[in-house]
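This report concerns only the one structure given below.
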Amino acid sequence: MGRRTPLPPHAPAPHSPHRRPPAPPPLLFLTTCDSLHRLVPELGLGEKDYVTKPLRIAEVLARVDVLLRRRRPERQAVLPRYGDLVLDDAACRARRGPRSLDLTPAEYRLLRHLLVNAGCVLSKEQISRHVWGDFRANEAIEKLVSRLRRKVDGDPGEPALIHTRRGFGYWLGAAC
């Protein structure tokens, strides 16, 4: 028996019997009105459409967009999360477990910045520049973190998520 040579890393994997073959591409027929009677049987089922001549580019582009949109699977939005803390960026809302957190815009921006950088200590300057776009006094940052901490870590039954690293800044994560 001959030796099987492995596929190079850039070669596509062969179709296995367990995978479905790829779906046929969508088709857009460009036709004249007098040939439409021959085209109708071709349309049948599937991702097919037609545009009659004379063409209007805007219509062609709109039909192509619709055909391509039908092919895209609906994707579930991936919500940023850490444990039971979940942010919904589309609605600018946050929740911790079943509790909805009533956050100001600055608190939401801070929480999102901490969440995206979970486990990393963020300096007061980094936080200030992210939340407000410029540097604010230390007291403003401390008050903002304090308000956010009361809302996120307010339930005594839940472990604290927002922590202080004295002399360095703040971080979000499980306590060490």
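No donor-acceptor distance shorter than 3.5 angstrom exists from the side chain of Arg93 to the backbone of Asp88, with no hydrogens or angles considered. No side-chain donor-acceptor contact under 3.5 Å links Ser123 to the backbone of Gly169. The main-chain N or O of Val86 is never found under 3.5 Å from a side-chain atom of Arg95 such that the two would form a donor-acceptor pair. When atom types are taken as modelled, the side chain of Asp153 and the backbone of Ile162 share a donor-acceptor pair closer than 3.5 angstrom. Here the side chain of His113 pairs no donor or acceptor atom with the backbone of Val131 at under 3.5 angstrom.
Counting heavy atoms from C-beta outward, Val145 and Thr164 have side chains that stay 4.5 Å or more apart. By the 4.5 Å heavy-atom criterion applied to side chains, Tyr82 and Leu172 are counted as neighbours. For the pair Ile127 and Glu125, the minimum side-chain heavy-atom distance is 4.5 Å or more.
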Evaluate the criterion salt bridge (Lys or Arg N to Asp or Glu O under 4.0 Å) for residue pair Lys143 and Glu139; output intermediate values, then yes/no.
CA-CA 6 Å; Lys143 285 181 183 178; Glu139 294 80 28; over 6 Å; no
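Counting non-hydrogen atoms of neighbouring residues, nucleotides and ligands closer than 6.0 angstrom, the CZ atom of Arg129 exceeds 12 such neighbours.
A side-chain hydrogen bond (donor to acceptor under 3.5 Å, both in side chains) with Glu107 holds for exactly one of Lys151, Arg149, Arg112; it is Lys151. A salt bridge (Lys or Arg N to Asp or Glu O under 4.0 Å) with Glu142 is found for one member of Arg136, Arg147, Lys124 and no other, namely Lys124.
Contact record, Leu87 with Ala94: CD2-CB, 3.3 Å, taken as the closest heavy-atom pair.
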